[in-house]
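Heavy atoms only: backbone and side chains are in, while hydrogens, waters and symmetry mates are out. First the proteins, then the strands, lettered A, B, ... as listed; each starts at 1.
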Number of protein chains: 2
Amino acid sequence: MNTPSENSATLTKRLIDSGLRPTAQREVVFKVILEKRDHPTADEIFARVKSQMPTISLATVYNCLETLVQCQLIRQVNLERAPTRYCPNLHQHAHFHDETTGQIHDIDLPIELVAQLHHVLPAGFIASSVELTFRGDAAGTAQPTVPADCAPTLNNPHGTN
Amino acid sequence: MNTPSENSATLTKRLIDSGLRPTAQREVVFKVILEKRDHPTADEIFARVKSQMPTISLATVYNCLETLVQCQLIRQVNLERAPTRYCPNLHQHAHFHDETTGQIHDIDLPIELVAQLHHVLPAGFIASSVELTFRGDAAGTAQPTVPADCAPTLNNPHGTN
DNA sequence: AAAGAGTTTAGAATTATTCTAAATCCTTGT
DNA sequence: ACAAGGATTTAGAATAATTCTAAACTCTTT
Ligand SMILES: [Mn+2]
Ligand SMILES: [Mn+2]
Ligand SMILES: [Zn+2]
Ligand SMILES: [Zn+2]
C-alpha cells in the first residue's frame, strides 16, 4: 500500500512530532507489522523481529507497540481474552474472526453504515469510537493453519511446522 | 422483567436439561447478576454473593459463571483487556462503555440493522455472532462512580465508599 | 567531553483466570 | 436407611499476558 521507505518516513515524522525518537527498535517493530497483515500478537511480533534484531527484548516490543498505538500508526485488536493483536490497517474496518482457522480478516465498512450505527444510540450518548467484530467461518480460507508458534498438538506431534 | 421464582425455575430447567445440578451456589450467582444489570465482574459478583453465602469461594463463582454462560442464561462481555463482565440481557444488544463513569450501557439493536451488518461481509463469510461496542460519553449519567471494589484514589483517599 | 533526557533491557511483579486435588454433596440403586 | 459414585465446591497453586523497576545504554545538546 506504501513503499517501505515511505512508511519509515511516516514513522519518523510521527515520532518526532510527538517528541519521541525514531529508534531502530521502533522501526523494525513497525516494519514487521506492515509486512504481513495478519494481526500478530506481541509474542509473534517478538519472534519476527528477533530474526532481524536478535538482541531486542520482549519488553521493548511491548514498549514499541504502545508507542506505535499512541502515535496512531497501528491499532490494538482484542478478541475475547486472547492476547492482544496489532493491526496496521487504519481505515474504519470490522474484524472477522474465523473460528476454524483462527485467522482474523479485515472487513471494510461503508461509511454510511458506520453513520447508521451511531444512530442506534439514544439521545445524549456520544460515541468516540465503534468496534465491530464478527465470529464465524470464512469459506475458501482453506486448511486450518498450525499456529506459527506451535506447541505439540494432535496433528503436529513434534511441535514443529 | 421476570419474577425471582420464574428466573429460578428457568435456571433449574436449563441446568437439568444440560445434565447439571441446580445448586445453591448457581442459584445465588444467577440471582445477584439479575438483581442489578450493571455488568459486574467476577470479583464484584463474588463480593455480592458472599454477603448472602459467606462460605462461597471465588473459584466457585468462576465455575458457576462458566456454567451459566454455557447454559445461555448470561453472556460474557469483554472490553479491551479489562476483567470479563457478565450480562443477563439475552436480547441482541450492543454495549456502550462510558469512559468517564466506567458504566456499561445496553443498547438495543433494531433487527434490520443487525441484518445490514451481516451484509457487509464478503461472499463466503458466515458469521455466527456479531459484537458491537461503542466507547464514549453518555450525558446525564451523572457523577463518576467510585468503583464498588475501591482501592484508595485521589477522590477516595481511604479506599472506602 | 559532560550532562541529561529518552530508550532499552532483564528480570521481578502483577493479576485475572484456570488448574489441581481433596473434601463435600446429591442422586440412585439396593 | 445405606452405600456407592458422580457432580460440585473449595483452597490454594499454577499460568500467562502484560506492566513495572531500576540499571545500562544511546543520542542530542551544551
Ligand atoms: Mn474457514
Ligand atoms: Mn457521562
Ligand atoms: Zn484489522
Ligand atoms: Zn449487556
For nucleotides 18-29 of chain C, print each protein N/O atom paired with a nucleotide N/O atom at under 3.5 Å, atom names and distance only.
| residue | atom | partner | partner atom | Å |
| --- | --- | --- | --- | --- |
| dC26(C) | O4' | R21(B) | NH1 | 3.3 |

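Atom CG in N78(B) sits about 16 Å away from atom P in dA17(D), given to the nearest Å. Atoms CE (M53(A)) and C1' (dT26(D)) sit 13 Å apart, rounded to a whole Å. Atom CD of Q76(A) is separated from atom C1' of dA17(D) by 12 Å (rounded to the nearest Å). Look at CZ on R26(A): it is 12 Å from P on dC27(D), rounded to the nearest Å. Distance OH (Y86(B)) to P (dA16(C)): 12 Å, rounded to an integer number of Å. The CD-P distance, from Q25(A) to dT9(C), rounds to 5 Å in whole Å. Summarising the geometry, the separation between CG on D43(A) and C1' on dT19(D) is reported as 14 Å, rounded to the nearest angstrom. Residue L65(A) contributes atom CG, which lies 15 Å from atom P of dT7(C) at whole-angstrom precision.
There is a path of hydrophobic side-chain contacts, each under 4.5 Å, that joins V29(A) to L20(A). In the hydrophobic clustering of this structure, L79(A) does not group with L109(A); members are Ile, Leu, Val, Met, Phe, Trp, Tyr whose side-chain heavy atoms approach within less than 4.5 Å, directly or through other members.
Distances shown here put every side-chain N or O of T23(B) at or beyond 4.0 Å from the OP1 or OP2 atom of dA7(D). One finds a side-chain N or O of T60(A) lying less than 4.0 angstrom from the OP1 or OP2 phosphate oxygen of dT9(C). OP1 or OP2 of dT18(D) lies within a sub-4.0 Å distance of a side-chain N or O belonging to R81(B). Residue T41(B) places none of its side-chain N or O atoms closer than 4.0 Å to OP1 or OP2 of dA16(C).
Remark: side-chain polar atoms of E44(B) are paired, donor with acceptor, to backbone N or O of T41(B) under 3.5 angstrom. For R135(B) (side chain) and E99(B) (main-chain N/O), no donor-acceptor pair under 3.5 Å exists by modelled atom type.
In summary, of the residues considered (Y86(B), F30(B), Y62(B)), a side chain to side chain contact (heavy atoms under 4.5 Å, CB included) with I45(B) occurs for Y86(B) alone.
Taking the six-membered ring where tryptophan is involved, the planes of H118(B) and F134(A) are perpendicular, since the angle between them exceeds 60° and thus also 30°.
Taking the side chain as every heavy atom from C-beta outward, E131(B) and H97(A) never approach each other to under 4.5 Å.
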